[in-house]
Amino acid sequence: MKIAVLGTGMVGRAIAHRLSTLGHDVVIGTRDVEQTLARTEPDWLGNEPFAQWQQTHPAVRLVSFADAGAYGEIVVNATRGAASLAAVEAAGAANLAGKVLLDAALPLDMSQGMPPLLSVVNTDSLGEQIQRAVPEARVVKSLNTMLADVMVDPAHVPGHHNVFVAGDDAEAKATVTGLLREIGWPEDAILDLGGIRGARGTEMYSALLFAVSDALGTYDFNVAIVRK
Ligand code: NAP
């Protein structure tokens, strides 16, 4: 399948690489291809400049957000939460119409330092904002509750643990669930939270994620739902 990943950070790279190794035809979207390829410094999380990453991942092409929106049959949002609406709008509402838009972003507000605050909370979520911004796209919130390494390799954390999906379109959720299965998520690990409103809980969970990470000194963990 043709899959477009919006976002050149560690999440975009991890998802693009994983889907590419599974045989999908993957592009990564960015604001300005030339500028992104011209970067020579690591990004704010210490990831190598994109051009360097590209050399070891030649199958994944770098294109503009607009070209990515037009290209992908499925589109993944892996952009900075504060910029996700701009990125999705640049990908093009018309390009995204009818398509599955897997939103893995978090609306983190770093203005007060770490741990981050959320720029949207309680009565709304980034997932819902994106769905409203591109109403003809079929937004599914998923993968936003764990480190990128875990998103694309559930075995990175041993044992049973979960990934959530939330979205208004059942068929779109089935498509995302299929992709998650391909990535390696067991069927019983994928928990459907219902409509896109379920994005609120998965985004607000990030407060606990950062607290647990502080307590454990690592992001190499995930949440597991244990029930009777
Ligand atoms: P990131 O640094 O949060 O985001 C990088 C992407 O955001 C780049 O593609 C960049 O565009 C785009 N961007 C930044 N400012 C922009 C602006 N003003 N307008 C348009 N686009 C802009 O990357 P990340 O760490 O991979 O995280 C991606 C998303 O996943 C975030 O929402 C994050 O909260 C969420 N998340 C991350 C993790 C993780 O393990 N890191 C885990 C869970 C959720 P350019 O390509 O043009 O620079």
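First listed ligand is number 1; within each ligand, the first listed atom is number 1. All values reported here derive from a predicted model rather than from experimental measurement. All heavy atoms count here, side chains included; hydrogens, waters and symmetry mates do not.
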*Could you find the nearest protein heavy atom to atom 28 (C) of ligand 1 and give me its residue, atom name and distance?*
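For this ligand atom, the closest protein heavy atom is Ala78 O, 3.2 Å.
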
*Name the closest protein heavy atom to atom 34 (O) of ligand 1, giving the residue it belongs to and the distance to 0.1 Å.*
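Ranked first by proximity to atom 34 (O) of ligand 1 is Leu106 CB, 3.4 Å.
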
Say whether [X], considering both its backbone and side-chain N or O atoms, lies within less than 3.5 Å of an N or O atom on ligand 1.
X      : result
Asn144 : no
Leu147 : no
Met10  : yes
Asp32  : no
Ala86  : no

For ligand 1, indicate whether the residue [X] contacts it via side chain, backbone, both or neither (heavy-atom separation under 4.0 Å).
X      : value
Ala104 : backbone
Met110 : neither
Thr145 : neither
Trp44  : side chain

*Min heavy-atom dist Arg13 to ligand 1 below 4.0 Å*: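 Arg13: no contact with ligand 1 (<4.0 Å).
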
*Would Gln35 count as a contact of ligand 1 if the rule is a heavy atom under 4.0 Å away?*
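In this structure, Gln35 fails to qualify as a contact of ligand 1 - no heavy atom is under 4.0 Å.
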
*Check the side chains of Thr79 and Ser84 for a donor-acceptor pair under 3.5 angstrom, ignoring hydrogens and angles.*
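A donor-acceptor contact under 3.5 Å links the two side chains.
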
_Check whether Tyr71 forms a cation-pi arrangement with Arg61 (NZ or CZ under 6.0 Å from the six-membered ring centre, at most 45° off the ring normal)._
yes

